[in-house]
Amino acid sequence: MWIPKLEHYSGPRYMAIADAIADAIKQGDLNHGDRLPTHRALADTLKVTVGTITRAYAEAERRSLVNARVGRGTFIATQHAQGHRFKITGESEPDSVDLRLNLPIAKDRAKELSQTMAQLATEPEQMNRLLGYQPDVGMLSHREAAVEWLKLTGLNTSADNLIITGGGQNAIMLSLLALTRPGDSILSEAITYPGFMAVTHQLNLRAQPVAMDEEGVIPEAFEDACKQFAPRVLYCTPSLQNPTNAIMSNSRREALVDVARRYHVWIIEDSVNSNLLTNAPAPLAEIAPDQVIYINSASKTLAAGLRVGWIVAPDEVRTQISNALRASNWMTSPLLAEICSRWITSGLAKRLLEEQKQELSHRNQLIEQYLGHYKSRINPHSLHAWLELPVQWRSSEFIQQADKQGVKVIGEDSFVVAQYRAPQAIRLSSSSAWSANHLERGLKILAELLQQEPEPSLSVF
Ligand SMILES: Cc1ncc(COP(=O)(O)O)c(C=O)c1O
C-alpha cells in the first residue's frame with residue numbers, strides 16, 4: 001500500500017496528501033491505473049479522519065491526478081507524457097481511449113504563456129494599445145508576424161493581404177459570409193470537415209459534394225459540378241485533408257486552379273493542417289493569389305485557445321471579408337493576437353510546432369504498426385488517420401463495438417456531404433489520445449476488433 005510521508009509537507013493535511021500524490025506521480029512511485037488505499041485504510045495509517053482523506057482525494061481529482069470510481073476506489077489518472085491533460089467539461093473518462101477529436105497534442109504551456117504575459121506586463125504602453133480598438137483586419141505588427149509564420153506553409157504574401165480572425169472556423173464563416181448569399185450552391189470535397197458543413201447550414205447554403213480520390217478533389221468532377229451548379233465557391237483542404245489525409249500533387253493543384261479560373265469560382269483553401277507537413281506542395285494561394293482565399297490558424301500547431309486565425313485574400317474580396325468581420329466582431333482580440341505574434345517572433349512557435357511534429361510522428365508510427373496493413377491513409381505528420389473498414393464491418397457497428405471496449409472513433413457519416421456514397425471508414429485522431437501509451441492501448445483493441453465479425457443484430461424483425 002502506498003503511504004505518503006507527510007512530515008515533508010506543510011499546510012493542511014488534506015493538501016499535503018494531495019501534494020504527496022502529485023510528487024509520487026512525478027517520481028514514478030505512483031503510475032497510471034494504480035489504486036490508492038481506501039479512505040479508511042489511509043486514515044487509520046496516517047492517524048487522520050476519513051473526512052481528511054476524502055478532501056485530499058477530492059483535491060487530487062480536482063488537479064486531474066486521480067479518478068474516483070464509485071464502488072471501485074480511487075485510481076491514478078492517465079498522465080500526458082508532456083504534462084497533465086487538462087479536464088474539459090464533457091471529456092470522456094480517462095479509462096476510455098477517445099480518438100474522436102482533432103486536437104493539437106495536449107501539452108503544458110502554462111510556463112510559456114506566463115513568461116509572455118510577464119514580459120507584456122513590463123510594457124504599459126503596449127498593454128494600453130492592446131486594450132483599445134484597432135483596425136478590423138488586425139494590427140500591422142500582428143499581420144507581419146503572421147506573414148512570416150505562413151512562409152512555413154510555402155505562402156509568400158504581404159501584411160496588406162492578410163486579415164486576423166478568431167481562428168480557422170471563424171475564417172471559414174467570414175469567407176462564406178462575404179462570398180455567398182443564402183440559397184447559393186457551394187462545392188466542397190465530398191468527404192469534408194464537419195465545421196465547414198456547420199457554416200453552410202447556418203448560412204442556408206446548398207453544399208454539393210465533389211468526388212475525390214487519394215489526392216482530394218478530382219478536377220474533372222469539379223468541372224462537371226461547375227457546369228451543373230454554377231457555384232461561386234469551392235472549399236477544399238489540399239494538404240492533409242480532414243478526414244482523409246489526402247495531399248494534392250502540384251499538377252492536381254494546377255488543374256484545380258485552371259478549372260476555377262475558367263468557371264470564375266473562388267477557391268477557399270483551408271490550410272490549417274499544412275504547417276505540420278514538411279515540404280508541403282505550394283499552396284493554391286501561391287499558385288493563384290487572385291483566385292484563392294487562404295485560411296490558416298494557430299489552433300492545430302500552437303494552441304486552440306488562442307483563437308487566432310488568418311485569411312489571406314485577393315484585393316477583390318478582401319474588403320467584403322473585413323466588412324463581415326467588422327459586422328460580426330469588429331476585430332479579433334488584439335491581446336490574443338499579441339500573444340500569438342510574440343510566440344512567432346521569439347521562435348517559441350517553431351519550437352512548439354517541432355515538438356508537436358515529433359510526437360505526431362511517433363504516434364503515427366504506432367498506427368502504422370497496428371493498422372497499416374488495412375486500407376488506410378496514415379501520414380507521419382497528421383493529427384488523424386483514415387481507415388477503410390474490412391468488408392464485414394459497417395462503420396456504425398464498428399463504432400458501437402469499439403465504444404463498448406472503451407475506444408471512441410468516428411465514422412465517415414460525420415464527414416459526408418449531402419448523400420455522397422462514401423466507403424465505410426473511421427477517422428482516428430491520434431492527437432486526442434492522452435499519450436502514446438494510451439493510444440497504443442486503443443490501437444490494440446481496434447486491431448483485434450477489426451479481425452472479428454460483427455455481432456448479428458436481432459433487433460429488427
Ligand atoms: C480542416 C479544418 N479547418 C478548420 C478548423 C477550425 O480550426 P480553428 O480551431 O482554428 O477554428 C478545423 C478544426 O478542427 C479543421 O480540422
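We count ligands from 1, going down the list as the structure has it; atoms in each ligand are counted the same way. Residues: numbered from 1 along the sequence shown. Note: hydrogens, waters and symmetry copies are ignored here, and every other heavy atom, side chains too, is used.
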Identify the two heavy atoms, one from Arg342 and one from Leu120, that lie closest to each other, and give their separation to 0.1 Å. NH2-CD1, 3.4 Å

Is any NZ, NE, NH1 or NH2 atom of the basic residue among Glu112 and Arg351 found under 4.0 Å from an Asp or Glu carboxylate oxygen of the other? yes

Please check this pair: side chain of Ser376 against backbone of Ile378, looking for a donor-acceptor N/O pair closer than 3.5 Å. no

For Ala260 and Gln291, work out which heavy atoms get closest and say how close. O-NE2, 3.6 Å

Can you classify the ring geometry of Phe196 versus Tyr235 as parallel (below 30°), tilted (30 to 60°) or perpendicular (above 60°)? parallel

Need the list: ligand 1 N/O atoms against protein N/O atoms, distance under 3.5 Å, rounded to one decimal.
residue, atom, partner, partner atom, Å
ligand 1, 3 (N), Asp270, OD1, 3.4
ligand 1, 3 (N), Asp270, OD2, 2.6
ligand 1, 9 (O), Ser299, OG, 2.9
ligand 1, 9 (O), Arg307, NH2, 2.6
ligand 1, 10 (O), Gly168, N, 2.7
ligand 1, 10 (O), Ser297, OG, 2.7
ligand 1, 10 (O), Ser299, OG, 2.6
ligand 1, 11 (O), Gly168, N, 3.1
ligand 1, 11 (O), Gln169, N, 2.8
ligand 1, 11 (O), Arg307, NH1, 3.3
ligand 1, 11 (O), Arg307, NH2, 3.3
ligand 1, 14 (O), Lys300, NZ, 2.7
ligand 1, 16 (O), Asn242, ND2, 2.9

Approximate separation, where rounding is to 0.5 Å, of Leu284 CG and Ile268 CD1: 12.0 Å

